[in-house]
Structures are given as C-alpha cells and as structure tokens.
Amino acid sequence: MQELTIHNLRQIDQYRWLLPRQGKMRTDGMLFLDRKLLEHVKNDKSITQVANVAWLPGIVGRSLAMPDMHQGYGFPIGGVAAFDPDEGVVSPGGVGYDINCGVRLLRSSLVKDEIKDEIVNLVNSLFHNIPSGVGSRQPNLKLNKKELKKVLATGARWAVRNGFGSQDDLLHIEESGCLDWADPEAVSERALDRGQAQLGTLGSGNHFVEIGFVDQIFEEKLAKGIGLFKGQVTIIIHTGSRGLGHQVCGDNIRLLQNASRKFNFDLPDRELCCAPVHSSEGRQYLAAMASAANFAFANRQLITEEVRRTFEQVFGLGAQKMGLQLVYDVCHNIAKFETHAVDGKQREVVVHRKGATRAFPAHHPKVPAAYQETGQPVLIPGDMGRYSYVLVGTDRALKETFGSTCHGAGRLMSRHAAKKAARGHNVTAELAEMGVTVKGAGRATLIEEIPEAYKDVEDVVRVVHEAGIARKVARLRPLGVIKG
Amino acid sequence: MLMTPRLYRIIEHTADTGFEVWGNTKKQVFESAAKAFFNIMWQIGARQQNEPVTLEVAGNDLEELLVNFLEEFLYLYDAKGLVCTGIEIESISADKVRAKAWLQKFNDAGDQELLGVKAVTYHQLFIGRKNDSWIARIFLDI
C-alpha cells in the first residue's frame with residue numbers, strides 16, 4: 001500500500017489507484033494507471049476532475065478514469081461514470097462537445113505488398129473524395145432539414161437505406177448505428193443549420209482516415225475470430241458529429257446550467273452542469289445528444305462508402321472483391337442507457353463515456369453475433385506515425401468499469417509546444433521516411449498532430465491489457481493518412 | 001512594430017487552448033475577445049469593407065454572455081460560411097450584448113483557416129475587473 005500525497009491517492013496494485021471519497025465526493029474514484037502514466041497527469045487537473053464527477057447526484061459505483069486520462073472540460077478525458085436513472089443525473093460534461101466522436105475499422109482481403117505502390121495515389125484520392133478541414137462541406141449531398149431529421153432519427157440505418165453500405169455494416173456498429181431514443185425535434189434549428197452541409201465530412205483536429213496493415217498479432221484465435229491476419233490491409237476512420245454535435249452540446253450546456261440552478265445542485269465546475277435523467281431538461285438533452293450521435297454514425301458510414309469507392313477507383317476492382325468489410329464501429333464520447341450488475345443485481349444505469357470505449361466481453365447480449373466468442377472489438381488509434389491497436393472487451397471490464405476501457409493515446413505536448421518541436425522539420429517528409437504518406441487540409445494541423453505530441457499508445461494499451469479491462473488482439477501500422 | 005499593443009495572450013496546457021484579453025471597459029474586453037478569437041481561427045485576405053450587420057446575443061450572466069457571444073461567430077462560420085472582419089460593441093446590459101459586425105463570405109482562395117474550434121467552453125472561464133482594467137480568460141475546445 002502506498003499513499004501518494006497528491007489527492008490522497010492510494011495504490012491498490014500496479015495499475016489501480018484509489019481516489020478515496022473526500023470533501024463533497026459521494027463515492028470513491030478509481031484510476032487505471034501505471035507510474036509512468038501517473039507522472040503525466042499528476043500535475044494537471046484531471047485527478048481533481050475525477051473527484052468532481054464523484055460530486056454528481058445519483059452516481060452509481062465509482063468515478064473512473066482510464067489510463068489515457070487527461071484534463072478535459074467537466075469530466076476528464078478518459079472519464080467513465082454511471083448514474084441511477086431515477087435518482088441520478090445526465091451531464092453534457094460527461095459526453096463532450098464532439099458527441100459520438102468514434103472510430104471504425106475496415107478490414108480487407110488485400111495484403112500490404114499489393115497496395116504499397118498505390119499508397120500515394122490512394123491518399124491523394126481519399127483526400128480528394130472526402131471533404132476535410134475545419135469548415136469542410138459536402139458538395140455532393142444536399143440535405144433539406146426534413147431529410148436531415150431522418151438522419152438524426154435513424155443514424156447509420158438512414159445511410160444504408162439511401163445506398164451507402166449494407167445491412168451487414170449495421171450489424172457491426174455499436175448499437176447497430178442507431179440510438180432509437182433520439183428525437184430530432186429536440187435539436188435546435190442552429191444545430192441543424194450547422195449539420196446540413198457536413199454529413200460525410202471529416203472535420204479537423206485529430207480526425208483522420210488511415211490506411212494501414214496488421215503488423216503484429218497477439219492472440220491468433222481472437223484475431224481469426226474478428227477476421228484479421230498478419231500483413232492484411234486495414235482502414236481506420238476517426239470522426240464525429242461535426243458542427244451539429246458541437247452546437248447540441250453548447251445549446252444543452254446553456255439549458256442544463258439553468259436546470260442545475262433550478263434543482264439547486266452544488267457543482268464544482270460549470271462544465272459539469274446536469275439535470276435529473278427524468279426531468280424535462282435531462283430528457284431534452286438525452287434526446288438531442290442521441291440525435292447527434294446518430295448523425296455521427298451516419299457520417300462514419302458515408303465516409304466508409306467513400307473509402308470503398310476510392311479503393312475501387314484506384315484498383316479497378318469491386319469493394320466486395322477486395323473484402324472491404326466493417327470490423328466494428330465504437331463510440332468514444334457518449335451517454336447511454338445500459339444494463340449492468342451493481343451490488344450483484346442487474347439494473348439500468350446511464351453510463352457516460354468521455355474519451356472511453358465500450359468493451360463488452362464474449363457472450364454479452366449487446367455484442368454482435370459475429371463476436372460472441374471473441375468479445376466486442378475495441379479500436380484504439382495511436383498517433384499518425386506509430387501504430388494503433390485492436391483489442392477485445394473482457395468480463396473484468398464489465399465488472400469493474402461498466403464495460404469500458406481506454407480510447408487513444410492522449411496528448412503529451414500542447415499545440416504550441418508541438419509547433420515549437422516541429423520547427424525546422426518537414427513533417428510530411430519525415431513521416432514519408434518512416435513509410436507513412438500523409439496529406440492534411442491544413443499545414444497547421446499536421447504540425448500540431450506530429451507523433452511526438454502524443455503519448456505512446458502502447459503505454460496506454462499495456463495498462464488496460466495488464467489490468468484486464470481489455471485484451472490485446474493485433475497491432476496496426478499506418479501506411480497512408482489523411483488528416484482534417 | 002514595437003509600438004503595436006498586443007491584443008491577446010495565448011494560454012496553453014497539454015490538451016487545452018485558451019487566451020486572455022484585457023481592456024479598460026467591459027465593452028473593450030468583449031471586443032478584444034472577439035478580435036482575438038478571429039485571429040486564432042482565421043487569416044483573412046484583404047477585401048473591400050462592406051456594410052455591418054447588428055448582432056444581438058443573450059445570456060443569463062456575464063460569463064454566459066461572453067461564451068454565447070463568441071459561439072455566435074462559430075455558428076455563422078459553420079452554418080453560413082461567414083467570417084467576421086470587424087466588430088464594434090454597441091452595448092452590454094445584464095443579459096444582452098449588441099454589436100456591429102462586419103461579415104464576409106469565407107473565400108477559399110484568399111482566406112485561411114488556422115484552427116478548428118469546436119466550441120467555446122466554461123472551463124476556467126473568467127471575466128471581471130482586476131485593478132483598473134478588465135480581463136477575460138477563455139478556453140476553446142479544439
């Protein structure tokens with residue numbers, strides 16, 4: 001047992017740190033970190049933010065933090081917390097501005113050597129076909145508001161119904177690509193205005209499409225179970241609900257700040273504004289948030305179709321022939337009704353995951369049929385130079401973290417520090433030397449996103465694997481990346 | 001060059017980007033915040049000045065007013081492709097800001113987007129008087 005003077009943290013084992021209930025906390029916190037990762041966060045505000053989440057009414061179990069935790073707005077990034085649907089709250093601070101920012105992985109029947117001469121061509125074509133950048137707009141898809149509301153109500157199902165992908169895709173998306181409690185009428189006109197031209201666009205910042213290959217398999221049986229093999233070409237898509245989601249979050253922060261006053265909640269941070277799950281404000285936020293989440297599911301589905309079309313253009317073969325199938329699509333920023341065992345009893349809770357991934361084990365009813373024996377695939381992107389990981393969910397995650405695990409590497413440098421570090425370097429050329437072709441909408445984004453600006457995702461993945469809240473299956477290396 | 005007063009100061013932590021502005025009056029600090037925000041987001045090429053429009057933004061308190069005011073420009077940019085090249089605060093009451101804004105259509109050829117801002121946050125938000133001047137500190141979700 002070791003006490004860390006900071007926040008009275010108590011080490012439970014090599015990867016678990018208990019943040020004991022203190023002050024106005026209603027429950028303990030639990031941090032999944034090793035010493036190295038703890039060093040990164042002990043001086044930012046993220047541990048205080050774990051404590052702040054524990055202030056919220058109706059929290060069930062502990063306030064949790066995944067190993068990629070860092071300072072966020074309201075909840076820390078990497079924060080997970082569940083709330084009682086009758087006595088608890090829902091908070092936009094537990095989801096974030098980029099509602100249902102998430103990742104999907106496509107596999108193929110191609111191997112690395114078959115595409116290596118076409119990488120530059122692939123990257124240029126992807127960049128041409130997928131609108132990217134800050135205010136990226138989709139010129140080929142004009143949605144009126146009535147149609148946009150259908151997207152918000154039905155998510156990826158809308159996309160498939162309109163010819164973007166197949167029924168089989170829907171089976172390989174968290175919640176089958178649609179939160180059915182969405183209500184587009186809860187979404188403001190302003191949010192609709194912002195979303196209208198952005199369906200099928202990548203956006204900016206850390207969003208990307210990456211062509212890569214499986215360079216290491218950790219468990220042959222699991223890899224086989226999710227259709228992965230060494231040398232195989234893969235594609236990762238990382239984006240969210242764009243301006244529509246940002247506006248939904250902003251609108252509801254305003255609404256829930258008023259609600260927090262109305263319900264007399266004692267809150268340590270305005271970004272943690274919240275409302276009882278069943279209050280009119282809580283229901284309004286949940287209905288709007290689910291609509292934005294559905295927009296994000298549809299967005300990733302449309303981009304997937306653009307990726308398939310691009311491969312068809314470049315190789316002159318059908319996407320099916322190239323085996324471009326969806327492995328899985330996971331949400332990183334979301335609040336959902338889920339059933340979990342609490343004190344030995346199954347009950348419904350509202351799980352908030354802010355920069356965290358659902359990681360359900362084999363045989364869980366919410367895991368698609370294809371993965372009943374392996375567990376749900378968990379996709380952890382790293383920075384654009386190094387590698388990404390495929391993991392699966394575990395029983396231990398279900399027991400300890402409401403079936404949640406990490407979501408990515410997390411930044412190590414501020415954007416300014418990254419710019420300073422990149423000074424005098426030709427980022428594109430250096431990445432090319434490492435075997436990664438990169439094209440970005442803005443030079444600034446490329447520089448801010450240099451690999452050195454991020455923690456090594458392997459450090460994060462090692463902790464979740466060793467702590468047992470996910471299991472390593474395969475490692476992917478990038479070959480070509482388009483950045484927003 | 002040395003005579004040009006600094007408009008704002010960037011405050012950065014690992015995952016956060018924020019800025020601090022100052023002014024002699026409440027109006028001035030709002031105006032500086034808007035100008036800093038534009039500077040962080042866009043580089044706008046030269047063009048002819050057009051007629052300003054009047055913007056009115058409401059909020060429950062000073063912090064909310066400031067957040068809503070800046071968010072207005074994110075909305076105009078995302079939804080209408082408009083950037084703001086000039087701003088003049090007309091009045092600030094307890095629950096409303098009124099400003100004259102010079103808006104232009106973003107032009108792919110001459111303008112540049114510098115930073116993708118998702119939202120203006122309440123994280124460590126501060127606006128208030130310090131000694132004789134007004135200060136505002138704002139963090140952005142990138």
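In this text the structure is predicted, and so the values were computed from the model without any measurement. Below, all heavy atoms of this structure are taken into account, side chains as well, without hydrogens, waters or symmetry copies. Labels below follow one simple rule: chain letters A, B, ... track the order of the sequence lines, proteins then strands, and each chain is numbered from 1.
Using a 4.5 Å cut-off between heavy atoms, A/L412 contacts chain B through its backbone alone, with no side-chain atom that close. Contacts between A/A197 and chain B at a heavy-atom distance below 4.5 Å are absent for every atom of the residue. If you measure heavy-atom distances from B/D141 to chain A, the contacts under 4.5 Å come from both the backbone and the side chain.
With ring centers used as reference points, A/F208 lies under 6.0 Å from A/H238. A centroid separation of 6.0 Å or more is found between the aromatic rings of A/Y73 and B/F139.
Nearest approach of A/A293 to A/N100, heavy atoms of both residues: O-ND2, 2.8 Å.
Within residues 28-50 of chain B, no residue has any heavy atom closer than 4.5 Å to a heavy atom of chain A. Within residues 43-53 of chain A, the residues that have a heavy atom under 4.5 Å from a heavy atom of chain B are A/K45, A/Q49, listed by number.
Interface remark: of the candidates A/H40, A/H416, A/R415, A/R415 forms the most heavy-atom pairs closer than 4.5 Å to chain B. Ranked by non-hydrogen atom pairs under 4.5 Å with chain A, the options B/V120, B/N68, B/I10, B/N60 are led by B/N68. Contact tally against chain A (heavy-atom pairs below 4.5 Å) for B/L140, B/L125, B/T17: the top residue is B/L140.
Taking the side chain as every heavy atom from C-beta outward, A/P67 and A/L37 approach each other to under 4.5 Å. Between B/E71 and B/V67 the shortest side-chain heavy-atom distance falls below 4.5 Å.
Between the side chain of A/K354 and the backbone N or O of A/G93, at least one donor-acceptor pair lies under 3.5 Å. For A/H407 (side chain) and A/G355 (main-chain N/O), a donor-acceptor pair under 3.5 Å exists by modelled atom type. No side-chain donor-acceptor contact under 3.5 Å links A/S241 to the backbone of A/F295.
No side-chain N or O of A/R190 forms a donor-acceptor pair with one of A/Q247 less than 3.5 Å apart. A/Q257 and A/R270 form a side-chain donor-acceptor contact under 3.5 Å, judged by distance and modelled atom types alone. Using a 3.5 Å distance cut-off with no hydrogens or angles, the side chains of B/D111 and B/Q104 do not pair a donor with an acceptor. No side-chain donor from either of A/N299 and A/R242 sits under 3.5 Å from a side-chain acceptor of the other.
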